[in-house]
Structures are given as structure tokens and as C-alpha cells.
Amino acid sequence: GIQVEQSPPDLILQEGANSTLRCNFSDSVNNLQWFHQNPWGQLINLFYIPSGTKQNGRLSATTVATERYSLLYISSSQTTDSGVYFCAVNFGNEKLTFGTGTRLTIIP
Amino acid sequence: GAGVSQSPSNKVTEKGKDVELRCDPISGHTALYWYRQSLGQGLEFLIYFQGNSAPDKSGLPSDRFSAERTGGSVSTLTIQRTQQEDSAVYLCASSLAAGTGGKQYFGPGTRLTVT
């Protein structure tokens, strides 16, 4: 079946470090979104990125649709970056299929 | 501007009772989605509305689950005869739906606990 896999499942970093989160998907996608779920459970849309590269401050994302993966880069991490990061894809329809997430913990 | 809102934020109910969860999408968003987040299953799609019609109900786990949307705005998710496995956070999202896979904006969720 259609799968969205994220790695690593857990990541613990010191404040100021950089990180790369990966999302692999098993089929062609219409779209891909990255979300941050904060410790209060709110899902915040970070990037809408079916292909190419986008940057927003310390965060950037790259999707290579032909190779079926996306990467989320976080630079100079801060404690407020802690939470769970999800990628979610549309496989030819409106619903989002979510990955299993990467839990990021930033230590002061 | 206002984001997606959901009510109640928390709901505790006894097994066998019915519950209604409400979602107010962002004004002007024609597409509305319900998802569920539970420990064992992660984030999973339930139902999608375009206007008042639901072209995709494929994620509803059983016939105890139903949803409606009126006036192209507010949506209600109803769970009848709740079971303990229904305990989860129910999330609503909306989008402009300018084609397949519009950017989705999520509400804060309703945490449902069935005792």
C-alpha cells in the first residue's frame, strides 16, 4: 500500500545545532506538506512543497519528486523548535496521508 | 485573521454515549477535512467535504461515525455509541481547495476520552 516514512523517529540535539529530517514516499504525489506539532498539539503548516526548494528563516525544505523524498532542514535550532515534525502527502486526491513523524527535542 | 476553531477542546464521555464535535473553518475556505490522531494509529484521514457534499468518506472507521456540513461552513462530526477505541484527538482542517492538495490549515483539535 501507499506509505510515507520519516526518519529518524527521534532526535535529541543541543541548542544551536543543525538537523536534517527525511520523508520518503512510495508513489507519485500531487503535493507534500511539512508540519510542526508543538507540545500543545497544534499542527502548524511549515511548507507546501510538491517540488523544489523553499526557505523560511532558519527552516528550509527540498522535495525531489522524481526520487520520492523530501528533506526538512533546521539550522541553529532553538528550544521552541521542539515537537513532532510530520510530512504529509496527497496521492492524487484531496486527503493527506501523514508520515509517522520525527520527535525533535532541543536541549538548552 | 481567525484560524480554524474546534469545540469542545476536551470531551470526556461514557462508553455507549453519543458525542458531537464541531469545526469552524477559516472563512472562505470551501474544503474541510476531519482527521484523527491516536497513539496506536498516528494521524489518519476520516472525511473530506467540498462545500456541503462529502466526496470522500473513505476514512470513517465504522457506521457509528458520521459528519455533516451546512451552509458550506460549520461541520459536525458525530460518533454514536462511543467505544473506548474512539479515544483520540480529532482534528479539523480547511483549505481553499484550489485544485488537488490545497494547503491545509489545522484547528487545535478536540481531545475525546471514552471511559
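Here is how names work: the chains are called A, B, and so on, in the same order as the sequence lines, proteins then strands, and each is numbered from 1. Any value given below was found using the heavy atoms of this structure, including those in side chains, with hydrogens, waters and symmetry copies removed.
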Looking only at atom types and distance, does a side-chain atom of E44(B) sit under 3.5 Å from a main-chain N or O of F98(A), one as donor and one as acceptor?
no
Transitively linked via ILVMFWY side-chain contacts under 4.5 Å: L60(B) with Y90(B)?
yes
For residues I26(B) and L43(A): do they belong to one hydrophobic cluster (side chain heavy atoms under 4.5 Å, members Ile, Leu, Val, Met, Phe, Trp, Tyr)?
no
Linking I/L/V/M/F/W/Y whenever their side-chain heavy atoms sit closer than 4.5 Å, directly or via other members, would Y73(A) and Y69(A) fall into one cluster?
yes
Between Y35(B) and L112(B), is there shared hydrophobic-cluster membership here, with clusters defined by ILVMFWY side-chain heavy atoms closer than 4.5 Å?
no
Considering all heavy atoms, the nearest K103(B)-Y48(A) contact:
N-CE1, 3.3 Å
Options G107(B), G59(B), G109(B), ranked by heavy-atom pairs under 4.5 Å with chain A, top entry:
G107(B)
Name the region of F91(A), side chain, backbone, both or neither, that has any atom closer than 4.5 Å to a heavy atom of chain B.
neither
What's the spacing between I47(B) CD1 and K95(A) NZ if we round to 0.5 Å?
12.0 Å
Hey, what do you get for CG (N45(A)) to OH (Y105(B)), rounding to the nearest 0.5 Å?
6.5 Å
Answer yes or no: does atom CD of Q14(A) have more than 12 heavy-atom neighbours from other residues, nucleotides or ligands under 6.0 Å?
yes
Could you see if L11(A) belongs to whatever hydrophobic cluster contains I74(A)? Use Ile, Leu, Val, Met, Phe, Trp, Tyr and a side-chain cutoff under 4.5 Å.
yes
Is L91(B) in contact with chain A via its backbone, its side chain, both, or neither, using a 4.5 Å heavy-atom distance?
side chain
Distance-only donor-acceptor check, side chains Q37(B) and Q37(A), under 3.5 Å:
yes
Under 6.0 Å from the CZ atom of R22(A), do we count more than 12 heavy atoms belonging to anything else shown?
yes
I'd like to know if the side chain of E94(A) and the backbone of Y48(B) have a donor-acceptor N/O pair within less than 3.5 Å.
no
Crowded around R103(A) CZ? As in, over 12 foreign heavy atoms under 6.0 Å?
no
Counting distance only, does the side-chain N/O of Y33(B) pair as donor-acceptor with the main-chain N or O of L96(A) below 3.5 Å?
no
About how many Å separate CG of N31(A) and CD of Q104(B), when rounded to the nearest 0.5 Å?
9.0 Å
